[in-house]
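First up is the structure itself, then whatever we jot down about it.
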Amino acid sequence: VLIEILDVEDAVGVKVAEIVEGVVDAGGVFVARGKEDLLVTKNLVSGESVYGEKRISVEGQDGIKTEYRVWNPFRSKLAAGILGGVDDIYIAPGKKVLYLGAASGTTVSHVADIVGPEGIVYAVEFSHRSGRDLINVAKKRTNVIPIIEDARHPQKYRMLMNMVDVIFADVAQPDQARIIALNAHHFLKNNGNIVISIKANCIDSTVEAATVFAREEDI
């Protein structure tokens with residue numbers, strides 16, 4: 001659904017693209033159309049990049065500028081999934097999201113953009129090294145709650161959590177489905193949704209990827 005088309009200008013005032021809202025049914029994700037299309041999210045913290053990504057500034061008819069951040073599909077499985085044709089990521093403005101396998105917070109920062117100030121992203125990461133970067137992301141994106149814990153033990157962080165609308169999982173572990181089920185049992189609302197990034201080789205490298213995908217769906 002194309003809701004609105006706006007001219008886009010970069011920081012030096014050169015017209016580069018158009019913004020089209022409604023790329024994904026869930027909302028909150030945009031495409032900047034120009035010589036090449038770019039997936040973008042509305043920057044929750046205007047003037048700030050998280051990982052050196054480009055930013056696009058748009059001035060509306062009311063004279064108010066809105067800034068968008070380019071979402072690189074080569075650095076985010078979720079962005080790649082959207083561009084690959086995923087119909088609905090279930091992550092939308094105002095949603096509460098549990099993100100398992102948050103790493104340094106690259107994709108988490110875009111999810112925070114999507115859910116906006118009314119939403120929350122509970123970002124779980126086991127690695128303390130990546131967790132330091134994740135905490136730095138959360139210092140400016142106050143709708144991100146960093147949790148440096150093992151997602152296999154959701155009881156350890158249950159006091160930090162509320163029930164969530166969506167679980168996004170990118171933990172790349174052989175028991176990923178079990179980890180997701182444990183967290184869903186504790187935190188997923190009735191009729192909530194789960195989005196899984198499956199890295200077949202991390203689960204079972206001895207069989208075809210399609211077999212692994214089917215097995216994970218069954219679990």
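Numbers here simply count residues along the sequence, with the first being 1. Heavy-atom basis, side chains included; hydrogens, waters and symmetry copies ignored.
- Residues that satisfy the salt bridge (Lys or Arg N to Asp or Glu O under 4.0 Å) test with Lys54, not counting sequence neighbours, are absent from this structure.
- Between Asp133 and Ser104 the shortest heavy-atom distance is OD2-OG, 3.5 Å.
- The shortest distance between side-chain heavy atoms of Ser197 and Leu78 does not fall below 4.5 Å.
- You'll find the side chain of Arg152 reaches within 4.5 Å of the side chain of Asp175, heavy atoms only.
- Looking at Arg141 and Ser109, their side chains never bring a donor and an acceptor atom within 3.5 Å of each other.
- No side-chain N or O of Asn183 forms a donor-acceptor pair with one of Arg158 less than 3.5 Å apart.
- Below 30°, between 30° and 60°, or above 60°: for Phe30 and Tyr68 the angle between ring planes is above 60°, a perpendicular geometry.
- Two residues are said to be in side-chain contact when any heavy atoms from C-beta on lie closer than 4.5 Å; Val97 and Asp165 fail this criterion.
- Residues Val115 and Val50 share a hydrophobic cluster, clusters being chains of Ile/Leu/Val/Met/Phe/Trp/Tyr side chains in contact below 4.5 Å.
- Listed for the Asp170 side chain is no donor-acceptor partner under 3.5 Å among the backbone atoms of Gly101.
- Of the possible donor and acceptor atoms, one in the side chain of Asn143 sits under 3.5 Å from a partner among the backbone N and O of Gly116.
- Under a hydrophobic clustering in which Ile, Leu, Val, Met, Phe, Trp and Tyr are joined whenever their side-chain heavy atoms come within less than 4.5 Å, directly or via other members, Val137 and Ile91 fall into the same cluster.
- Taking each heavy atom of Val108 and Ala102 in turn, the nearest pair found is CG2-CB, 3.7 Å.
- Under the 4.5 Å side-chain contact rule for hydrophobic residues, Tyr90 and Met163 do not share a cluster.
- In this structure, Leu188 CG and Asn193 CG are separated by 7.5 Å, a value rounded to the nearest 0.5 Å.
- In terms of hydrophobic clustering, with Ile, Leu, Val, Met, Phe, Trp and Tyr side chains grouped at heavy-atom distances under 4.5 Å, Met161 and Leu182 are assigned to different clusters.
- For the atom pair CG (Asp150) and CD1 (Ile147), the distance works out to 12.5 Å, reported to the nearest 0.5 Å.
- Taking the salt bridge (Lys or Arg N to Asp or Glu O under 4.0 Å) definition, one finds that Arg69 meets it with Glu53, Asp113, sequence neighbours left out.
- One N or O on the side chain of Gln176 and one on the backbone of Val171 form a donor-acceptor pair closer than 3.5 Å.
- Of all the heavy atoms in Ala151 and Pro154, the pair that sits closest is O-CD, 3.6 Å.
- Across every non-hydrogen atom of Lys140 and Val45, the tightest pair is O-CG2, 3.4 Å.
- When all heavy atoms of Val144 and Pro146 are compared, the pair lying nearest together is O-CD, 3.5 Å.
- Sequence neighbours left out, the pairs with a member in residues 125-184 that pass ring-ring contact (aromatic ring centres under 6.0 Å, His included) are Tyr99-Phe168, Tyr157-Phe187.
- Across all their heavy atoms, Ser57 and Lys65 have their closest contact at OG-CD, 3.7 Å.
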